[in-house]
Number of protein chains: 2
Amino acid sequence: MFVRKATNRMPGPYCLGDLGMTTGSNPIVSLNEFTYKKGTEIYREKEPAEYVYQVKTGAVRTYKLLTDGRRQIGAFHLVGDIFGLENGNEHRFTAEAVVKTALRLIKRQSLELVAESDPVVRRNLLSMTTSNLEHAENHMLLLGRKNALERVAAFLLEMDERVTAMGIIALPMGRLDIADYLGITLETVSRALSRLQQAGVLEFIGPNHRDIALRDRGRLASFDLPA
Amino acid sequence: MFVRKATNRMPGPYCLGDLGMTTGSNPIVSLNEFTYKKGTEIYREKEPAEYVYQVKTGAVRTYKLLTDGRRQIGAFHLVGDIFGLENGNEHRFTAEAVVKTALRLIKRQSLELVAESDPVVRRNLLSMTTSNLEHAENHMLLLGRKNALERVAAFLLEMDERVTAMGIIALPMGRLDIADYLGITLETVSRALSRLQQAGVLEFIGPNHRDIALRDRGRLASFDLPA
DNA sequence: GCGGGGCGTTGATGCAGATCAACGGAATAG
DNA sequence: CTATTCCGTTGATCTGCATCAACGCCCCGC
């Protein structure tokens, strides 16, 4: 039931680049780039946090597991997002590529060195942590108190602000990932999406039902946070 | 069903003190102390964050509400805990006194002023935010993927490390607060506690069933994170 | 000290979502 | 191009927790 397929580790990173997060004239920090195949592990929970990552292409999921395989995805990281930033010394989630994904790697040590002297970088680092905290706080409300339809509606609205090109949400992740993010099952996700489609709130564009056009954002929002 | 009693605001704070968080010789920051009656609001979600608070006595709950009254408590703040620290300008939770509570108030502005020049304070502030994030991340796993018994077991183990005096957990909050923290109902909390009592894992000490002695922490832990 | 509301518990019942199952179409490997 | 596996959907059934209800004790105010 809760069996998960083993994921392969990828070998280490290789290339160089620059730090997208800093503003204007900042010293160069040690940078690499690397590509991960779909489903491969980027780092594992409790592993020492050596790098911070930025998504160049693709998508990443970060999650925690219970001993019997139940999984809670904490966040999806899409193009441009930075993840893997820890203030402690080890990662608190496992990170995997949802699809073929290119990452920019920043050596944590070098980043901390820059932060030491640059108040702007320091501020950005803090505001990243704060954003993560805020997201987690909102997600606690969703996981603790929203019903299935509300969760899926909230998910679509979140993705609508993040993966939309020309009004179409192109979901990189499958139903199981969505389910494990929302704390429900993949069947329940599927049923909720079907209901929203039948209600005329959304439309599936492609044949694989991962491309979604929102037809009525107002009504979708009304499925979340009900009166 | 989801009706909540209105909570009264208390007037502003009055007294002075010192900053418990700083290490050793630090400049004095603007400090006040104030007492809140049981159930009174300390600040409200979306309100500008003017102060940071430290619990001197009592306990505080911070929560978010849905429009129909469903409530998710994000954290309980017990003696010594600091809460209300926001990096943005407004509070993201509502805070209420669980019982009669004495708080130390620190003007946010003065704290930021100190942080500007003092790397130690800065580090402490960051590590506080990180602790909050870590707690929220663990709580997402609980809310998304654990069953009722596992949630209550996890709650007891968390409280065991925080409110224990002489091996006895003295819970300041009622069953409804626990339920809204764990994303279940108060009846389910009560039933889980009864089950744990009958299993010999815990014992109610007083007559009001808020004082609990853990008799078998190992078995309690086995109810959480099951194999 | 006494009365009453609040809180915790327990039982009966209901239901949203989990689980089990089957199917069809699409992506992928060869 | 074809075979195979994966993925999303839908239906049937089950179940853990929510809901509804009742009761008794404790605690608080008077």
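Keep in mind the model is a prediction, meaning the values are calculated, not measured. Proteins get letters first, then strands, A, B, ... in listed order; numbering begins at 1 in each.
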> What is the distance from NZ of A:K146 to C1' of D:dC17, rounded to the nearest Å?
Replying inline: 21 Å

> Among all residues two or more places apart in sequence or in another chain, which pass the ring pair (Phe, Tyr, Trp, His ring centres under 6.0 Å) test with A:F76?
Replying inline: A:Y181

>> Using the side chain to side chain contact (heavy atoms under 4.5 Å, CB included) criterion, which residues pair with A:L85? Sequence neighbours excluded.
In response: A:V52, A:L125, A:M128, A:T129

> Which residues satisfy the side chain to side chain contact (heavy atoms under 4.5 Å, CB included) test with A:I168, sequence neighbours excluded?
Replying inline: A:I205, A:D211, A:A213

> Any side-chain heavy atom of B:T40 within less than 4.5 Å of one from B:T101?
Replying inline: no

> Taking only residues two or more places apart in sequence or in another chain, which ones pass salt bridge (charged side-chain N to carboxylate O under 4.0 Å, His left out) with A:E134?
Replying inline: none

>> Rounded to whole Å, please give me the gap between CG in B:L171 and C1' in D:dC26.
In response: 17 Å

> DNA chain C: A:L149 or A:P207, which has the more 5' nearest nucleotide?
Replying inline: A:L149

> Per the end-axis method with five pairs at each terminus, what is the bend angle of the helix from C:dG1-D:dC30 to C:dG30-D:dC1, to 10°?
Replying inline: 60°

> Can you say whether the rings of B:F34 and B:Y36 are parallel (under 30°), tilted (30 to 60°) or perpendicular (over 60°)?
Replying inline: perpendicular

>> Just the rounded figure in Å: distance from C1' of D:dG8 to CG of A:D177.
In response: 14 Å

>> Please enumerate all residues that pass side chain to side chain contact (heavy atoms under 4.5 Å, CB included) together with A:A179, with sequence neighbours excluded.
In response: A:L186, A:V189

>> Checking B:K56 now: which residues fulfil side chain to side chain contact (heavy atoms under 4.5 Å, CB included) with it, not counting sequence neighbours?
In response: B:E33, B:A102, B:R104

> In whole Å, what is the span from the CD1 atom of A:I178 to the C1' atom of D:dG8?
Replying inline: 11 Å

> In whole Å, what is the span from the CD1 atom of B:I184 to the P atom of D:dT19?
Replying inline: 12 Å

> What is the distance, rounded to the nearest whole Å, between atom CZ of B:R195 and atom P of C:dT9?
Replying inline: 15 Å

>> Distance check needed: C:dT19 C1' versus A:R70 CZ, whole Å only.
In response: 15 Å

>> One character per nucleotide, please: for nucleotides 9-16 of chain D, 5' to 3', B when the base has a protein heavy atom closer than 4.0 Å, S when only the sugar-phosphate does, - otherwise.
In response: BBBB----

> Please, which pairs that meet salt bridge (Lys or Arg N to Asp or Glu O under 4.0 Å) have at least one residue in residues 186-195 of chain A, sequence neighbours excluded?
Replying inline: none

> OP1 or OP2 of D:dC17 sitting under 4.0 Å from any side-chain N/O of B:T185?
Replying inline: no

> Which whole-number value in Å describes the distance from A:K38 NZ to C:dA27 C1'?
Replying inline: 8 Å

